[in-house]
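In the text below, chain A, chain B and the rest are named by the order of the sequence lines, each starting its count at 1.
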There are 2 protein chains.
Amino acid sequence: MGQKGTETRLRLLDATQELVESGGYFNAGLNQVIAASGAPRGSLYFHFPDGKDQLVGESIRRAGQAIGAAFDDLGGSAPEFVEGVLRLLGDRLEESGWRKGCPVATVALEMAAASDPLQQACSEVYTSWEDALRARLAGRPDADDLAVTVLALIEGALLLAKAHRSREPLDRVTGALATLLR
Amino acid sequence: MGQKGTETRLRLLDATQELVESGGYFNAGLNQVIAASGAPRGSLYFHFPDGKDQLVGESIRRAGQAIGAAFDDLGGSAPEFVEGVLRLLGDRLEESGWRKGCPVATVALEMAAASDPLQQACSEVYTSWEDALRARLAGRPDADDLAVTVLALIEGALLLAKAHRSREPLDRVTGALATLLR
DNA sequence: CCGAAAAAGTAGACCGATCTATATAATGTG
DNA sequence: CACATTATATAGATCGGTCTACTTTTTCGG
C-alpha cells in the first residue's frame with residue numbers, strides 16, 4: 001500500500017471515529033464519512049471492502065488502542081491515576097461540547113445484539129482496558145473485581161455526564177473512587 | 001380519546017420501548033414500530049403529531065417511570081437493595097438474549113448531542129433515578145455523591161455486560177458495592 | 001536508465017431499499 | 001351529522017452498496 005493510499009485510509013478511519021464517538025453507528029452515515037474525510041466513495045470500498053461494519057470495527061479498535069496508550073502515559077499511584085483519567089475524560093467531553101465521551105460505548109449498546117463482529121470488537125476493546133487497569137492495581141487481592149468496577153464507574157459516569165451535559169457526575173464519582181481504592 | 005385510541009397509543013409506546021431498548025433510537029424504525037405494534041401508519045402521526053422524537057421521548061419517560069416504580073417495590077437495606085437491583089437487571093439482560101439493558105442509555109449516547117428534547121428527556125429520567133437512590137441512602141453524609149456513584153456503577157456494569165454478553169461485570173461490581181455502602 | 005504493462009487507488013454516477021413524514025380517503029362511534 | 005381514529009398511498013430525502021471509467025504509482029524486462 002502506497003503512501004497516498006495509507007493516508008486516505010487513515011482519514012477515513014479518523015472521520016468515522018469522530019462521527020461514531022459523537023453519536024454512534026448510525027450517526028456515521030457513509031455520506032458524512034466521505035464528506036468529512038474528503039475521500040470519494042470508491043476509495044472507501046477499496047480500503048474497506050466489507051463496508052461499514054469493517055470501517056466502524058477498525059475505527060473503534062483504533063480508538064481503543066489510542067486510549068490504552070494514553071493510559072500508559074498517565075503515571076501516579078492507582079488513585080491518582082484514576083483521578084487523572086476522569087479529569088482527562090471530563091475535559092475532553094466538555095471541550096467537545098458534550099459530544100466526545102467513550103468511543104466504544106454507543107456502538108456497543110447499539111450493535112452488541114445485532115452484529116457479532118462489532119460486538120466482538122467492542123468486547124475486545126473493553127477487555128484490553130480492563131487488562132490495563134488490572135495491571136495498575138497489581139498486588140491488590142481484589143484486583144480483578146476492582147479493575148472491572150473502576151471501568152464500569154468511568155463508563156457510567158461518562159454516560160451520565162453526556163446525558164446531563166455536565167461534569168458533575170464525573171466529579172461526584174471521583175470521591176467514591178478514593179474510598180474504593182483506599 | 002376513546003378506549004381504542006388509548007390502546008393503540010400504548011401499543012405504539014410499548015413497541016417503541018422494546019425496539020429502542022434493544023438497539024437505540026435508530027433501531028426503532030417507524031416501519032418496525034408499526035409492524036410490531038400492529039397500528040397503522042396514520043395512527044402513529046395522529047397520536048404523536050411531532051413524530052419520532054415525541055414517540056421516543058415519551059417511550060423512554062415511560063420506561064423511566066416503570067423502573068422507578070420497580071425500585072420502590074424492592075425493599076431491604078441500602079446494600080441489599082442495590083444487590084437486588086443488579087440481580088434483577090442481570091436476569092432481564094440475560095433472559096432477553098443480551099438485548100435489554102438500560103432503556104435510556106443508548107438514546108442518551110446517540111442523541112444527547114443532536115436533539116435537545118431527547119437530551120432533556122434522558123437527563124430527567126436519570127435525575128429521577130438519582131433522586132430515588134438518594135432517598136434510599138438518606139442519613140448518610142455523602143448521600144449525594146453516593147447516589148450518583150451507585151447509578152454510574154449500575155449503568156457502567158450494564159453496558160459492559162451487554163458488550164461482553166456476560167453477567168460477569170455485574171457480578172464483579174456487586175462486591176465493590178458492598179465495600180462502598182459498608 | 002527507459003518505457004510499457006500491471007497494480008493500486010481515485011472518482012462519482014447510479015441502484016434499490018428504507019427512512020420519516022404528509023396527504024387524503026375510509027371507517028367507526030357517540 | 002360531527003368527530004375521532006384508522007387506513008393507505010406516496011412524497012422526498014437518505015441509506016449502504018455496486019459499478020465502470022479514470023489517474024497515479026509501482027514493477028520489471030530490455
K.L.:
Under 4.0 Å between a side-chain N/O of B/Ser43 and OP1 or OP2 of D/dA7, yes or no?
P.N.:
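It does not, given that no N or O in the side chain of B/Ser43 lies less than 4.0 Å from OP1 or OP2 of D/dA7.
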K.L.:
Round to the nearest Å and state the distance from B/Leu19 atom CG to C/dC19 atom C1'.
P.N.:
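That distance rounds to 15 Å.
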K.L.:
If you measure from the Lys or Arg side-chain nitrogens to the Asp or Glu carboxylate oxygens, is any gap between B/Arg172 and B/Glu168 under 4.0 Å?
P.N.:
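Looking at B/Glu168 together with B/Arg172, the answer is yes, because their closest N to O distance falls below 4.0 Å.
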K.L.:
Report yes if a side-chain nitrogen or oxygen of B/Thr8 is closer than 4.0 Å to either non-bridging phosphate oxygen (OP1 or OP2) of D/dT5; otherwise report no.
P.N.:
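For D/dT5, neither OP1 nor OP2 has a side-chain N or O of B/Thr8 closer than 4.0 Å.
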K.L.:
Do the ring planes of B/Tyr126 and A/His164 sit parallel (below 30°), tilted (30 to 60°) or perpendicular (above 60°)?
P.N.:
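Perpendicular, since the angle between the ring planes exceeds 60°.
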K.L.:
Would you please indicate if the ring centroids of B/Phe26 and A/Tyr25 are separated by under 6.0 Å?
P.N.:
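When the ring centroids of B/Phe26 and A/Tyr25 are compared, they turn out to be at least 6.0 Å apart.
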K.L.:
In whole Å, I'd like the distance from the CZ atom of A/Phe48 to the P atom of C/dT10.
P.N.:
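Going from A/Phe48 (CZ) to C/dT10 (P), I get 11 Å.
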K.L.:
Less than 3.5 Å apart, which donor and acceptor atoms pair up between the side chains of residues 55-64 of chain B and the rest of the protein, not counting sequence neighbours?
P.N.:
unit_1: B/Glu58; atom_1: OE1; unit_2: B/Arg9; atom_2: NH1; d: 3.1
unit_1: B/Glu58; atom_1: OE1; unit_2: B/Arg9; atom_2: NH2; d: 3.2
unit_1: B/Glu58; atom_1: OE2; unit_2: B/Arg9; atom_2: NH2; d: 3.2
unit_1: B/Glu58; atom_1: OE2; unit_2: B/Gln54; atom_2: NE2; d: 3.3
unit_1: B/Arg61; atom_1: NH2; unit_2: B/Glu124; atom_2: OE1; d: 2.5
unit_1: B/Arg62; atom_1: NH2; unit_2: B/Asp14; atom_2: OD1; d: 2.4

K.L.:
Ignoring the backbone of B/Phe46, work out which of D/dT5, C/dA11, C/dA8 is nearest its side chain.
P.N.:
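Closest nucleotide to the B/Phe46 side chain: D/dT5.
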K.L.:
Treating primed atoms plus P, OP1 and OP2 as sugar-phosphate and everything else as base, which nucleotides of nucleotides 14-21 of chain D get B, S or - for protein heavy atoms under 4.0 Å?
P.N.:
-SBBB---
K.L.:
Following the transitive rule for hydrophobic clusters with a side-chain heavy-atom cut-off under 4.5 Å over Ile, Leu, Val, Met, Phe, Trp and Tyr, establish whether B/Leu30 and B/Val20 coincide in one cluster.
P.N.:
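No, no single cluster joins them.
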K.L.:
Taking CG from B/Asn27 and C1' from C/dT20, how many angstroms apart are they, rounded to a whole number?
P.N.:
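It works out to 16 Å between those atoms.
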K.L.:
With sequence neighbours excluded, what pairs up with B/Phe48 under the ring pair (Phe, Tyr, Trp, His ring centres under 6.0 Å) test?
P.N.:
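None.
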K.L.:
Does a nitrogen or oxygen in the side chain of A/His47 sit under 4.0 Å from OP1 or OP2 of C/dT10?
P.N.:
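So the side chain of A/His47 is within the cut-off, an N or O lying under 4.0 Å from OP1 or OP2 of C/dT10.
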